[in-house]
Amino acid sequence: MQNRPAGLYLVLAAGVAYAALRILVWLLCREGVISPADVDSVVLLALPFALLSILIIAARPPRD
């Protein structure tokens, strides 16, 4: 098996997770579900859960 740069993949996954959260929160704000003042709070609340999910998935051994 090749030696893959796992740290780089985690950084890319974290960036994608952050961008997806920002887009989701922007859409919720645009629809009036959350107020514009709460946008940053929602992202700060949701981001640790997204990053924890990425780390849990990355720690699993590969399937055969």
Side-chain angles (χ1 to χ4, degrees):
M1 188 155 104
Q2 295 178 353
N3 188 6
R4 300 179 306 174
L8 179 61
Y9 290 145
L10 288 176
V11 169
L12 289 175
V16 169
Y18 178 73
L21 279 173
R22 292 298 292 188
I23 290 171
L24 175 66
V25 170
W26 174 74
L27 288 172
L28 290 174
C29 181
R30 194 176 77 168
E31 294 296 323
V33 177
I34 58 174
S35 69
D38 294 335
V39 168
D40 290 332
S41 299
V42 171
V43 171
L44 286 176
L45 180 69
L47 192 59
F49 294 108
L51 296 178
L52 183 63
S53 300
I54 291 170
L55 290 175
I56 289 172
I57 292 170
R60 289 184 183 170
R63 295 184 189 176
D64 289 335

Pairs touching residues 45-54 that satisfy salt bridge (charged side-chain N to carboxylate O under 4.0 Å, His left out), sequence neighbours left out: none
hydrophobic_cluster_shared for Ile54 and Val16, side chain cutoff 4.5 Å: no
Separation of Ile34 CD1 from Leu24 CG (nearest 0.5 Å): 8.0 Å
Trace of the side-chain contact (heavy atoms from CB on, under 4.5 Å) decision for Leu47 with Tyr18: CA-CA 7 Å; Leu47 192 59; Tyr18 178 73; 4.0 Å; yes
Salt bridge (charged side-chain N to carboxylate O under 4.0 Å, His left out) pairs, two or more places apart, involving residues 9-35: Arg22-Asp40
Nearest-0.5 Å distance that lies between atom CD1 in Ile23 and atom CG in Leu28: 12.0 Å
Transitive ILVMFWY side-chain link Val25 to Val33, under 4.5 Å: yes
Over all atoms of both residues, closest heavy-atom pair of Ala17 and Ala50: CB-CB, 4.3 Å
side-chain hydrogen bond (donor to acceptor under 3.5 Å, both in side chains) evaluation trace for Asp38 with Ser41: CA-CA 5 Å; Asp38 294 335; Ser41 299; 5.0 Å; no
